[in-house]
Amino acid sequence: PSQVTYGILLDGLINDNEMAKAVEIFETMKIEGCEANTVLYTTLIKGFARAGQVNQAEELFKEMQKEKHMQPDVITFSILIKANCDAGRIENALQLLLAMTEAGLKPDEVVYNNLLSGCIQDCNVEL
């Protein structure tokens with residue numbers, strides 16, 4: 001199977017809230033020699049974020065950053081920033097924003113809206 005096939009499979013499992021199966025498929029994919037890419041990592045990060053498993057999403061993000069041939073994109077950062085805001089972890093979200101800009105990526109309106117929403121939920125207008 002190709003990266004596209006695995007991406008479709010991962011997305012379907014995530015949409016069915018089958019994170020354990022999605023992780024299993026992701027690991028199998030790597031064992032079978034199909035190279036993970038930014039889209040596949042981001043898809044799995046999205047699944048963890050949707051499931052409220054922010055720590056797992058961040059661990060996968062760290063694993064992704066160790067890969068030499070790929071880097072997180074705006075979508076990856078946006079998902080992680082939203083997940084941290086939803087979990088009330090505004091400081092983490094702001095650290096991700098800083099890492100995003102340091103990586104040369106430009107935050108979009110989705111990123112800023114998520115941060116504003118997180119600050120409002122946190123009742124922290126100073127941030």
Side-chain angles (χ1 to χ4, degrees):
S2 69
Q3 291 173 329
V4 173
T5 304
Y6 278 114
I8 292 167
L9 187 54
L10 288 174
D11 212 38
L13 290 168
I14 288 165
N15 287 336
D16 283 343
N17 297 317
E18 297 283 352
M19 279 308 298
K21 287 182 183 177
V23 170
E24 182 181 328
I25 292 295
F26 187 78
E27 293 302 323
T28 300
M29 173 196 77
K30 292 193 297 185
I31 289 168
E32 291 181 355
C34 183
E35 203 170 284
N37 61 19
T38 299
V39 173
L40 293 170
Y41 268 100
T42 300
T43 299
L44 200 54
I45 288 169
K46 174 184 74 175
F48 283 127
R50 281 188 184 170
Q53 299 173 336
V54 182
N55 290 338
Q56 290 88 335
E58 289 186 341
E59 286 302 314
L60 190 59
F61 176 70
K62 289 175 187 171
E63 179 184 317
M64 178 185 189
Q65 289 179 302
K66 291 177 186 173
E67 297 286 336
K68 293 180 182 179
H69 59 279
M70 84 182 85
Q71 289 299 312
D73 60 14
V74 172
I75 296 168
T76 312
F77 277 103
S78 180
I79 290 167
L80 284 168
I81 287 169
K82 181 178 184 339
N84 275 280
C85 286
D86 289 348
R89 296 160 60 167
I90 304 304
E91 293 296 331
N92 285 8
L94 291 171
Q95 288 174 354
L96 284 162
L97 176 66
L98 179 61
M100 180 181 187
T101 57
E102 287 175 349
L105 299 171
K106 185 178 177 185
D108 60 13
E109 62 275 359
V110 173
V111 170
Y112 287 119
N113 283 338
N114 285 327
L115 284 167
L116 285 171
S117 178
C119 288
I120 290 168
Q121 287 176 355
D122 195 43
C123 297
N124 194 340
V125 294
E126 291 180 19
L127 291 174

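FYI, side chains are in, hydrogens and waters are out, and symmetry mates aren't considered; it's all heavy atoms of this structure.
Rounding to the nearest 0.5 angstrom, the gap separating the NE2 atom in His69 from the OG1 atom in Thr38 is 8.0 Å. The OG atom of Ser2 sits 7.5 Å away from atom CD1 of Ile8, with the distance rounded to the nearest 0.5 Å. Atom CG of Leu9 and atom CE of Met29 lie 10.5 Å apart (nearest 0.5 Å). Note: Glu102 CD to Leu96 CG = 11.0 Å, rounded to the nearest 0.5 Å. If you take OG1 on Thr101 and NZ on Lys106, they are separated by 12.5 Å, rounding to the nearest 0.5 Å. With rounding to the nearest 0.5 Å, the separation of CG in Leu10 from OG1 in Thr5 is 11.0 Å.
In this structure Thr28 satisfies the side chain to side chain donor-acceptor pair (under 3.5 Å) test with no other residue, sequence neighbours excluded. Under the rule for a side-chain contact (heavy atoms from CB on, under 4.5 Å), Gln71 has no partner lying at least two apart in sequence or in another chain. Contacts of Gln56 classified as side-chain contact (heavy atoms from CB on, under 4.5 Å), with partners at least two apart in sequence or in another chain: Phe48, Gln53. Applying the ring-ring contact (aromatic ring centres under 6.0 Å, His included) criterion to Phe26, with sequence neighbours excluded, gives Tyr41. Scored by the salt bridge (charged side-chain N to carboxylate O under 4.0 Å, His left out) test, Glu63 finds Lys30 as partners (sequence neighbours excluded). The side-chain contact (heavy atoms from CB on, under 4.5 Å) search around Asn55 returns Arg89, not counting sequence neighbours. With sequence neighbours left out, the salt bridge (charged side-chain N to carboxylate O under 4.0 Å, His left out) criterion links Glu59 to Lys62. Residues forming a side chain to side chain donor-acceptor pair (under 3.5 Å) with Glu109 (at least two apart in sequence, or on another chain): none. Under the rule for a ring-ring contact (aromatic ring centres under 6.0 Å, His included), the partners of Phe77 that lie at least two apart in sequence or sit in another chain are Phe61. With sequence neighbours excluded, no residue forms a side chain to side chain donor-acceptor pair (under 3.5 Å) with Asp108.
Closest approach of Ile25 to Leu13, counting heavy atoms only: CG1-CD1, 3.8 Å. Scanning all heavy atoms of the two residues, the minimum distance from Gln3 to Ala36 falls at NE2-C, 4.3 Å. The shortest heavy-atom contact between Leu105 and Asp73 is CD1-C, 3.8 Å. Taking both residues in full, the closest heavy atoms of Ala87 and Val54 are given as CB-CG2, 4.0 Å, listed atom of the first, atom of the second, then distance. In this structure, Ile14 and Gly47 approach most closely via the heavy-atom pair CG2-CA, 3.5 Å. Nearest heavy atom pair, residue Ile79 against residue Ala49, reads CG2-CB, 3.8 Å.
Counting heavy atoms from C-beta outward, Glu91 and Asn84 have side chains that stay 4.5 Å or more apart. Residues Cys85 and Leu115 form a side-chain contact, since some pair of their non-hydrogen atoms from C-beta on lies under 4.5 Å apart. Asp16 has its side chain out of reach of Lys21: every pair of non-hydrogen atoms, C-beta onward, lies at least 4.5 Å apart. Contact of the Gln95 side chain with the Asn92 side chain is registered, since non-hydrogen atoms from C-beta on lie closer than 4.5 Å.
For the ring pair (Phe, Tyr, Trp, His ring centres under 6.0 Å) condition, no pair includes a residue of residues 87-122, sequence neighbours left out. A salt bridge (Lys or Arg N to Asp or Glu O under 4.0 Å) check over residues 43-56, counting only residues at least two apart or in different chains, returns the pairs Asp11-Lys46.
Using modelled atom types, no side-chain atom of Ser78 and backbone atom of Val74 make a donor-acceptor pair closer than 3.5 Å. Checked by atom type and distance alone, the side chain of Thr43 pairs as donor or acceptor with a backbone atom of Val39 at under 3.5 Å.
No more than 12 heavy-atom neighbours from other residues, nucleotides or ligands sit within 6.0 angstrom of CD1 on Ile75.
Using modelled atom types and a 3.5 Å distance limit, the side chains of Asn114 and Ser117 yield no donor-acceptor pair.
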